[in-house]
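So you know, we letter chains A, B, ... as the sequences are listed, proteins then strands, and number each from 1. Side chains included, hydrogens not; waters and symmetry mates left out as well; all remaining heavy atoms used.
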Amino acid sequence: MSLFDLFRRRDSAPVARNRLQVLLQHERSAVGNNDLIARLHEEILAVIAKHVEVDRDKVQIKLDRGSVASTLEIDVEVPSPAMPARVSERPAEAVGG
Amino acid sequence: MAEVVVVTSGKGGVGKTTSTAALGAALAQGGENVVVVDFDVGLRNLDLIMGAERRVVFDLINVVQGDAKLHQALIRDKRLENLSLMPASQTRDKDALTEAGVARVIDELREKFDWIICDSPAGIERGATLAMRHADRAVVVTNPEVSSVRDSDRIIGLLDSKTAKAEKGQRLSKHLLLTRYDPVRAQRGEMLKTEDVLEILSIPLLGIIPESQDVLRASNLGAPVTINSPASVAARAYAEAAKRLRGETVEISIPAERPSFLGKLFGRRAVA
(Lines give C-alpha, C1' and ligand atoms only; values in the text may rest on other atoms or scores of the structure.)
Protein backbone atom coordinates (compact mmCIF):
# COMPACT_ATOMS: atom_id res chain seq x y z
CA MET A 1 0.00 0.00 0.00
CA SER A 2 1.47 3.30 -1.06
CA LEU A 3 1.45 6.46 0.99
CA PHE A 4 -1.05 7.90 -1.51
CA ASP A 5 -3.51 5.05 -0.80
CA LEU A 6 -3.24 5.75 2.89
CA PHE A 7 -4.60 9.25 2.36
CA ARG A 8 -7.13 8.40 -0.32
CA ARG A 9 -8.70 5.62 1.73
CA ARG A 10 -9.75 8.08 4.43
CA ASP A 11 -12.15 10.09 2.30
CA SER A 12 -15.02 7.62 2.34
CA ALA A 13 -17.55 9.88 4.07
CA PRO A 14 -18.15 12.16 1.03
CA VAL A 15 -18.76 9.02 -1.06
CA ALA A 16 -21.31 7.79 1.50
CA ARG A 17 -23.02 11.17 1.46
CA ASN A 18 -23.28 11.29 -2.34
CA ARG A 19 -24.52 7.71 -2.60
CA LEU A 20 -27.22 8.42 -0.02
CA GLN A 21 -28.34 11.62 -1.70
CA VAL A 22 -28.78 9.91 -5.08
CA LEU A 23 -30.45 6.83 -3.60
CA LEU A 24 -32.88 8.68 -1.35
CA GLN A 25 -33.98 11.05 -4.08
CA HIS A 26 -34.97 7.96 -6.07
CA GLU A 27 -36.56 6.12 -3.15
CA ARG A 28 -38.61 9.09 -1.98
CA SER A 29 -40.22 9.42 -5.43
CA ALA A 30 -40.87 5.65 -5.51
CA VAL A 31 -42.69 5.82 -2.18
CA GLY A 32 -44.73 8.73 -3.54
CA ASN A 33 -45.71 6.52 -6.47
CA ASN A 34 -46.99 3.85 -4.12
CA ASP A 35 -49.47 6.34 -2.76
CA LEU A 36 -50.49 7.23 -6.33
CA ILE A 37 -51.04 3.54 -7.11
CA ALA A 38 -53.11 3.10 -3.95
CA ARG A 39 -55.32 6.07 -4.87
CA LEU A 40 -55.71 4.92 -8.47
CA HIS A 41 -56.56 1.45 -7.22
CA GLU A 42 -59.36 2.73 -5.01
CA GLU A 43 -60.81 5.08 -7.63
CA ILE A 44 -60.66 2.59 -10.51
CA LEU A 45 -62.24 -0.05 -8.27
CA ALA A 46 -65.05 2.36 -7.39
CA VAL A 47 -65.78 3.04 -11.07
CA ILE A 48 -65.83 -0.66 -11.98
CA ALA A 49 -67.94 -1.53 -8.95
CA LYS A 50 -70.63 0.85 -10.21
CA HIS A 51 -71.21 -1.39 -13.21
CA VAL A 52 -70.11 -4.93 -12.30
CA GLU A 53 -69.42 -6.80 -9.11
CA VAL A 54 -65.71 -7.25 -8.81
CA ASP A 55 -63.35 -8.75 -6.25
CA ARG A 56 -60.86 -6.15 -4.90
CA ASP A 57 -58.02 -8.61 -5.34
CA LYS A 58 -58.90 -9.10 -9.01
CA VAL A 59 -57.94 -5.54 -9.93
CA GLN A 60 -54.19 -5.23 -10.45
CA ILE A 61 -52.54 -1.90 -11.12
CA LYS A 62 -48.92 -1.49 -12.05
CA LEU A 63 -46.89 1.57 -12.90
CA ASP A 64 -43.69 1.16 -14.91
CA ARG A 65 -41.43 4.15 -15.09
CA GLY A 66 -39.36 4.39 -18.23
CA SER A 67 -36.90 7.07 -19.29
CA VAL A 68 -39.06 8.26 -22.21
CA ALA A 69 -42.56 7.33 -21.09
CA SER A 70 -44.21 5.44 -18.27
CA THR A 71 -46.98 2.89 -18.62
CA LEU A 72 -49.90 2.33 -16.35
CA GLU A 73 -51.12 -1.24 -16.57
CA ILE A 74 -54.60 -2.09 -15.35
CA ASP A 75 -55.65 -5.71 -15.19
CA VAL A 76 -59.26 -6.34 -14.20
CA GLU A 77 -60.63 -9.83 -13.81
CA VAL A 78 -64.42 -9.74 -14.17
CA PRO A 79 -66.28 -12.85 -13.01
CA SER A 80 -68.43 -14.85 -15.46
CA PRO A 81 -71.32 -14.85 -16.41
CA ALA A 82 -71.09 -11.05 -16.69
CA MET A 83 -68.26 -11.51 -19.15
CA PRO A 84 -66.66 -14.68 -20.46
CA ALA A 85 -63.03 -14.25 -19.46
CA ARG A 86 -60.58 -11.54 -18.56
CA VAL A 87 -60.67 -8.03 -19.81
CA SER A 88 -57.16 -6.84 -20.09
CA GLU A 89 -56.23 -3.40 -21.22
CA ARG A 90 -52.62 -2.67 -21.70
CA PRO A 91 -51.31 -0.10 -21.71
CA ALA A 92 -54.35 1.78 -20.62
CA GLU A 93 -52.81 5.17 -20.26
CA ALA A 94 -49.44 6.80 -20.34
CA VAL A 95 -48.51 8.81 -17.32
CA GLY A 96 -45.79 11.41 -17.17
CA GLY A 97 -42.38 11.02 -18.65
CA MET B 1 -50.57 17.94 29.05
CA ALA B 2 -48.90 14.58 28.38
CA GLU B 3 -46.48 14.12 25.50
CA VAL B 4 -46.23 10.81 23.66
CA VAL B 5 -42.78 10.35 22.14
CA VAL B 6 -41.83 7.43 19.91
CA VAL B 7 -38.16 6.43 19.75
CA THR B 8 -37.73 4.83 16.35
CA SER B 9 -35.14 4.15 13.63
CA GLY B 10 -36.15 1.46 11.15
CA LYS B 11 -32.77 -0.22 11.51
CA GLY B 12 -32.00 -2.42 14.48
CA GLY B 13 -29.05 -2.04 16.81
CA VAL B 14 -28.65 1.73 16.49
CA GLY B 15 -29.54 2.46 20.13
CA LYS B 16 -33.32 2.85 20.37
CA THR B 17 -33.69 0.99 23.66
CA THR B 18 -30.58 2.55 25.21
CA SER B 19 -31.83 5.99 24.15
CA THR B 20 -35.36 5.34 25.43
CA ALA B 21 -33.98 4.36 28.85
CA ALA B 22 -31.47 7.23 28.99
CA LEU B 23 -33.90 9.93 27.82
CA GLY B 24 -36.70 8.61 30.03
CA ALA B 25 -34.43 8.59 33.09
CA ALA B 26 -33.02 12.05 32.24
CA LEU B 27 -36.54 13.49 32.01
CA ALA B 28 -37.41 11.86 35.34
CA GLN B 29 -34.20 13.21 36.88
CA GLY B 30 -35.45 16.63 35.79
CA GLY B 31 -38.59 16.10 37.87
CA GLU B 32 -40.99 14.90 35.15
CA ASN B 33 -43.35 12.00 35.63
CA VAL B 34 -42.23 9.48 33.00
CA VAL B 35 -43.20 6.05 31.70
CA VAL B 36 -41.10 4.14 29.17
CA VAL B 37 -43.13 1.64 27.13
CA ASP B 38 -41.60 -1.35 25.35
CA PHE B 39 -43.38 -2.07 22.03
CA ASP B 40 -40.95 -4.79 20.96
CA VAL B 41 -43.31 -7.70 21.53
CA GLY B 42 -41.49 -11.04 21.49
CA LEU B 43 -38.04 -9.43 21.71
CA ARG B 44 -38.38 -7.20 24.75
CA ASN B 45 -35.22 -5.66 26.15
CA LEU B 46 -36.15 -2.39 27.77
CA ASP B 47 -36.77 -4.30 31.05
CA LEU B 48 -33.20 -5.61 30.91
CA ILE B 49 -31.65 -2.22 30.13
CA MET B 50 -33.68 -0.69 32.99
CA GLY B 51 -32.65 -3.51 35.35
CA ALA B 52 -36.25 -4.62 35.96
CA GLU B 53 -36.21 -7.98 34.16
CA ARG B 54 -36.97 -9.94 37.33
CA ARG B 55 -39.89 -7.74 38.30
CA VAL B 56 -42.06 -8.30 35.22
CA VAL B 57 -45.39 -9.95 36.06
CA PHE B 58 -47.90 -8.45 33.63
CA ASP B 59 -47.11 -6.70 30.36
CA LEU B 60 -48.46 -4.43 27.63
CA ILE B 61 -50.28 -7.29 25.87
CA ASN B 62 -52.07 -8.27 29.09
CA VAL B 63 -53.28 -4.69 29.47
CA VAL B 64 -54.19 -4.32 25.77
CA GLN B 65 -56.24 -7.51 25.96
CA GLY B 66 -57.84 -6.56 29.26
CA ASP B 67 -56.26 -9.41 31.28
CA ALA B 68 -54.54 -6.99 33.63
CA LYS B 69 -55.12 -3.48 34.88
CA LEU B 70 -52.69 -0.75 33.88
CA HIS B 71 -51.26 -0.35 37.39
CA GLN B 72 -50.58 -4.09 37.62
CA ALA B 73 -48.26 -3.97 34.60
CA LEU B 74 -46.44 -0.74 35.46
CA ILE B 75 -43.09 -1.27 37.20
CA ARG B 76 -41.84 1.66 39.24
CA ASP B 77 -38.10 2.26 39.00
CA LYS B 78 -36.22 1.57 42.25
CA ARG B 79 -33.88 4.54 41.81
CA LEU B 80 -36.33 7.18 40.57
CA GLU B 81 -39.85 7.08 41.95
CA ASN B 82 -41.24 9.21 39.09
CA LEU B 83 -39.99 6.76 36.42
CA SER B 84 -42.02 3.70 35.42
CA LEU B 85 -41.68 0.91 32.90
CA MET B 86 -44.38 -0.84 30.89
CA PRO B 87 -42.75 -4.04 29.65
CA ALA B 88 -43.61 -5.86 26.41
CA SER B 89 -44.57 -9.51 26.32
CA GLN B 90 -41.75 -11.94 25.59
CA THR B 91 -43.92 -14.94 24.70
CA ARG B 92 -46.61 -13.44 22.50
CA ASP B 93 -46.20 -12.01 19.01
CA LYS B 94 -46.89 -8.54 17.70
CA ASP B 95 -50.28 -9.55 16.26
CA ALA B 96 -51.57 -9.59 19.84
CA LEU B 97 -51.33 -5.79 19.80
CA THR B 98 -54.59 -4.35 18.51
CA GLU B 99 -54.95 -0.82 17.27
CA ALA B 100 -57.91 -0.06 19.54
CA GLY B 101 -56.20 -1.69 22.54
CA VAL B 102 -53.03 0.35 22.09
CA ALA B 103 -55.08 3.56 21.71
CA ARG B 104 -56.88 2.82 24.99
CA VAL B 105 -53.64 2.09 26.89
CA ILE B 106 -51.98 5.28 25.57
CA ASP B 107 -55.03 7.31 26.63
CA GLU B 108 -54.87 5.82 30.13
CA LEU B 109 -51.12 6.53 30.34
CA ARG B 110 -51.75 10.15 29.29
CA GLU B 111 -53.85 10.55 32.46
CA LYS B 112 -51.03 9.40 34.74
CA PHE B 113 -47.78 10.68 33.21
CA ASP B 114 -46.18 13.81 31.73
CA TRP B 115 -44.10 11.82 29.25
CA ILE B 116 -44.85 8.50 27.56
CA ILE B 117 -41.73 7.31 25.77
CA CYS B 118 -42.46 4.44 23.37
CA ASP B 119 -39.53 2.20 22.44
CA SER B 120 -40.28 1.02 18.90
CA PRO B 121 -39.16 -2.35 17.54
CA ALA B 122 -36.89 -2.29 14.48
CA GLY B 123 -38.47 -2.64 11.06
CA ILE B 124 -41.55 -1.07 9.52
CA GLU B 125 -44.07 -3.77 10.42
CA ARG B 126 -47.05 -3.71 12.75
CA GLY B 127 -45.10 -3.31 16.02
CA ALA B 128 -43.23 -0.28 14.68
CA THR B 129 -46.32 1.35 13.15
CA LEU B 130 -48.33 0.84 16.35
CA ALA B 131 -45.50 2.30 18.46
CA MET B 132 -45.56 5.50 16.36
CA ARG B 133 -49.32 5.56 15.84
CA HIS B 134 -50.30 7.88 18.73
CA ALA B 135 -47.06 9.85 19.01
CA ASP B 136 -47.01 13.62 19.35
CA ARG B 137 -43.30 13.62 18.61
CA ALA B 138 -40.69 11.28 17.26
CA VAL B 139 -37.04 10.80 18.14
CA VAL B 140 -35.35 9.25 15.11
CA VAL B 141 -32.23 7.43 16.30
CA THR B 142 -29.58 7.31 13.59
CA ASN B 143 -25.98 6.15 13.39
CA PRO B 144 -23.66 8.07 11.05
CA GLU B 145 -23.65 5.15 8.63
CA VAL B 146 -25.34 4.65 5.23
CA SER B 147 -27.81 1.87 6.06
CA SER B 148 -29.00 3.59 9.22
CA VAL B 149 -29.51 6.92 7.42
CA ARG B 150 -31.45 5.22 4.62
CA ASP B 151 -33.73 3.41 7.08
CA SER B 152 -34.28 6.61 9.05
CA ASP B 153 -35.38 8.34 5.85
CA ARG B 154 -37.94 5.58 5.32
CA ILE B 155 -39.18 5.89 8.90
CA ILE B 156 -39.55 9.67 8.52
CA GLY B 157 -41.77 8.98 5.49
CA LEU B 158 -43.95 6.67 7.63
CA LEU B 159 -44.11 9.21 10.48
CA ASP B 160 -45.44 11.72 7.96
CA SER B 161 -48.10 9.39 6.56
CA LYS B 162 -49.10 6.58 8.94
CA THR B 163 -49.45 8.28 12.32
CA ALA B 164 -52.77 9.44 13.76
CA LYS B 165 -51.47 13.04 13.76
CA ALA B 166 -50.41 12.87 10.11
CA GLU B 167 -53.76 11.40 9.08
CA LYS B 168 -55.53 14.30 10.79
CA GLY B 169 -53.34 16.70 8.84
CA GLN B 170 -51.48 17.78 11.99
CA ARG B 171 -47.74 18.20 12.34
CA LEU B 172 -45.80 15.55 14.18
CA SER B 173 -42.47 17.00 15.24
CA LYS B 174 -39.47 14.84 14.48
CA HIS B 175 -36.05 15.09 16.09
CA LEU B 176 -32.79 13.49 15.05
CA LEU B 177 -30.71 11.77 17.71
CA LEU B 178 -27.32 10.92 16.26
CA THR B 179 -25.81 8.06 18.25
CA ARG B 180 -22.44 6.28 18.27
CA TYR B 181 -20.83 9.37 16.82
CA ASP B 182 -17.07 9.60 16.67
CA PRO B 183 -16.09 13.26 16.14
CA VAL B 184 -12.47 12.41 15.39
CA ARG B 185 -13.35 9.96 12.62
CA ALA B 186 -15.95 12.36 11.19
CA GLN B 187 -13.34 15.12 11.15
CA ARG B 188 -10.98 12.83 9.28
CA GLY B 189 -13.57 12.11 6.59
CA GLU B 190 -14.00 8.49 7.65
CA MET B 191 -17.52 8.90 9.00
CA LEU B 192 -20.56 10.91 7.89
CA LYS B 193 -20.56 14.30 9.62
CA THR B 194 -23.51 15.61 11.62
CA GLU B 195 -24.10 18.23 8.89
CA ASP B 196 -24.23 15.50 6.22
CA VAL B 197 -26.87 13.49 8.10
CA LEU B 198 -28.88 16.63 8.88
CA GLU B 199 -28.78 17.77 5.28
CA ILE B 200 -29.92 14.37 4.00
CA LEU B 201 -32.70 13.77 6.53
CA SER B 202 -33.67 17.45 7.02
CA ILE B 203 -35.14 17.15 10.51
CA PRO B 204 -33.92 19.19 13.51
CA LEU B 205 -31.13 17.81 15.69
CA LEU B 206 -32.03 16.74 19.23
CA GLY B 207 -28.53 15.68 20.22
CA ILE B 208 -25.30 13.93 19.38
CA ILE B 209 -24.37 10.95 21.54
CA PRO B 210 -20.71 10.07 21.20
CA GLU B 211 -19.60 6.45 21.09
CA SER B 212 -18.85 5.66 24.72
CA GLN B 213 -17.82 2.71 26.86
CA ASP B 214 -20.11 3.95 29.61
CA VAL B 215 -23.20 2.98 27.57
CA LEU B 216 -22.20 -0.70 27.50
CA ARG B 217 -21.21 -0.60 31.18
CA ALA B 218 -24.59 0.85 32.07
CA SER B 219 -26.51 -1.82 30.16
CA ASN B 220 -24.32 -4.54 31.69
CA LEU B 221 -25.43 -3.26 35.09
CA GLY B 222 -29.08 -2.70 34.13
CA ALA B 223 -29.23 1.05 34.59
CA PRO B 224 -29.84 3.90 32.15
CA VAL B 225 -26.49 5.59 31.50
CA THR B 226 -27.87 8.88 32.85
CA ILE B 227 -28.39 7.17 36.24
CA ASN B 228 -25.36 4.87 36.26
CA SER B 229 -22.69 7.39 35.26
CA PRO B 230 -24.29 10.83 35.06
CA ALA B 231 -20.93 12.58 34.62
CA SER B 232 -19.99 10.54 31.53
CA VAL B 233 -20.02 12.17 28.10
CA ALA B 234 -22.88 9.99 26.85
CA ALA B 235 -25.01 10.73 29.92
CA ARG B 236 -24.37 14.44 29.60
CA ALA B 237 -25.33 14.34 25.94
CA TYR B 238 -28.56 12.47 26.80
CA ALA B 239 -29.33 14.89 29.63
CA GLU B 240 -28.94 17.83 27.24
CA ALA B 241 -31.13 16.10 24.63
CA ALA B 242 -33.81 15.58 27.31
CA LYS B 243 -33.67 19.30 28.15
CA ARG B 244 -34.20 20.14 24.47
CA LEU B 245 -37.18 17.74 24.43
CA ARG B 246 -38.64 19.78 27.30
CA GLY B 247 -38.26 22.89 25.19
CA GLU B 248 -35.16 24.34 26.78
CA THR B 249 -32.59 25.94 24.53
CA VAL B 250 -29.30 24.18 25.07
CA GLU B 251 -26.52 24.68 22.58
CA ILE B 252 -25.56 21.50 20.74
CA SER B 253 -22.10 20.29 21.59
CA ILE B 254 -20.22 17.09 21.12
CA PRO B 255 -18.98 16.35 24.61
CA ALA B 256 -15.55 14.76 24.56
CA GLU B 257 -14.04 12.47 27.18
CA ARG B 258 -10.79 14.40 27.53
CA PRO B 259 -8.56 16.21 25.10
CA SER B 260 -6.91 13.15 23.63
CA PHE B 261 -3.65 13.25 21.75
CA LEU B 262 -5.50 12.93 18.44
CA GLY B 263 -8.07 15.48 19.56
CA LYS B 264 -5.29 17.97 20.27
CA LEU B 265 -3.66 17.12 16.98
CA PHE B 266 -6.86 17.86 15.08
CA GLY B 267 -7.70 20.93 17.10
CA ARG B 268 -10.64 19.49 19.09
CA ARG B 269 -11.18 20.49 22.67
CA ALA B 270 -13.16 18.86 25.43
CA VAL B 271 -16.51 20.49 26.11
CA ALA B 272 -17.00 20.87 29.82
Side-chain angles (χ1 to χ4, degrees), chain A residues 1-47 49 55-67 70-74 93 95-97, chain B residues 9-11 14 123-125 128-129 132 140 142-163 166-167 169 174 176 178 180-203 205 208 211 254 262 265-266:
Chain A
M1 191 172 72
S2 74
L3 195 64
F4 178 70
D5 283 339
L6 192 73
F7 285 105
R8 197 181 52 176
R9 247 162 44 93
R10 295 234 159 120
D11 278 329
S12 58
V15 180
R17 180 196 144 115
N18 290 340
R19 287 176 61 216
L20 273 169
Q21 279 173 331
V22 171
L23 174 75
L24 293 180
Q25 198 174 13
H26 177 79
E27 284 188 347
R28 283 169 190 160
S29 67
V31 170
N33 277 340
N34 283 342
D35 283 351
L36 173 69
I37 299 274
R39 281 204 307 276
L40 283 171
H41 191 270
E42 284 307 313
E43 288 178 23
I44 289 168
L45 196 68
V47 171
D55 187 345
R56 318 182 42 93
D57 298 333
K58 301 285 169 64
V59 179
Q60 300 293 332
I61 297 175
K62 208 171 112 192
L63 180 65
D64 277 326
R65 279 194 168 263
S67 53
S70 302
T71 57
L72 178 68
E73 186 181 321
I74 306 169
E93 200 183 323
V95 184
Chain B
S9 69
K11 190 177 184 300
V14 297
I124 52 171
E125 307 295 322
T129 52
M132 69 170 69
V140 180
T142 307
N143 291 167
E145 178 273 323
V146 286
S147 57
S148 175
V149 175
R150 180 198 211 173
D151 291 359
S152 291
D153 189 76
R154 185 90 165 86
I155 279 291
I156 291 168
L158 292 180
L159 288 166
D160 285 336
S161 60
K162 303 285 183 208
T163 52
E167 284 174 8
K174 301 171 290 285
L176 177 72
L178 198 58
R180 313 194 80 158
Y181 191 71
D182 185 336
V184 174
R185 296 196 73 189
Q187 189 61 36
R188 276 197 237 147
E190 295 175 5
M191 181 183 266
L192 285 166
K193 286 196 171 82
T194 308
E195 303 90 275
D196 296 337
V197 181
L198 282 174
E199 190 192 331
I200 292 165
L201 295 178
S202 30
I203 59 171
L205 184 62
I208 304 165
E211 176 81 70
I254 309 166
L262 274 177
L265 202 65
F266 286 88

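- The distance from the CZ atom of Arg188(B) to the OG atom of Ser12(A) is 11.0 Å, given to the nearest 0.5 Å.
- Other residues, nucleotides and ligands contribute more than 12 heavy atoms inside 6.0 Å of the CD atom of Gln21(A).
- Atoms CZ and CD1, on Arg28(A) and Ile156(B) in that order, are 7.5 Å from each other to the nearest 0.5 Å.
- When heavy atoms are compared at a cutoff of 4.5 Å, Asp196(B) approaches chain A by way of both its backbone and its side chain.
- Here the shortest heavy-atom pairing between Gly189(B) and Pro14(A) reads O-CD, 4.1 Å.
- Looking only at side-chain heavy atoms (C-beta outward), Leu192(B) and Leu20(A) come within less than 4.5 Å of each other.
- The minimum heavy-atom distance between Leu23(A) and Arg150(B), with the atom names listed, is CD2-NE, 3.2 Å.
- Contacts between Glu199(B) and chain A at a heavy-atom distance below 4.5 Å involve the side chain alone, from C-beta outward.
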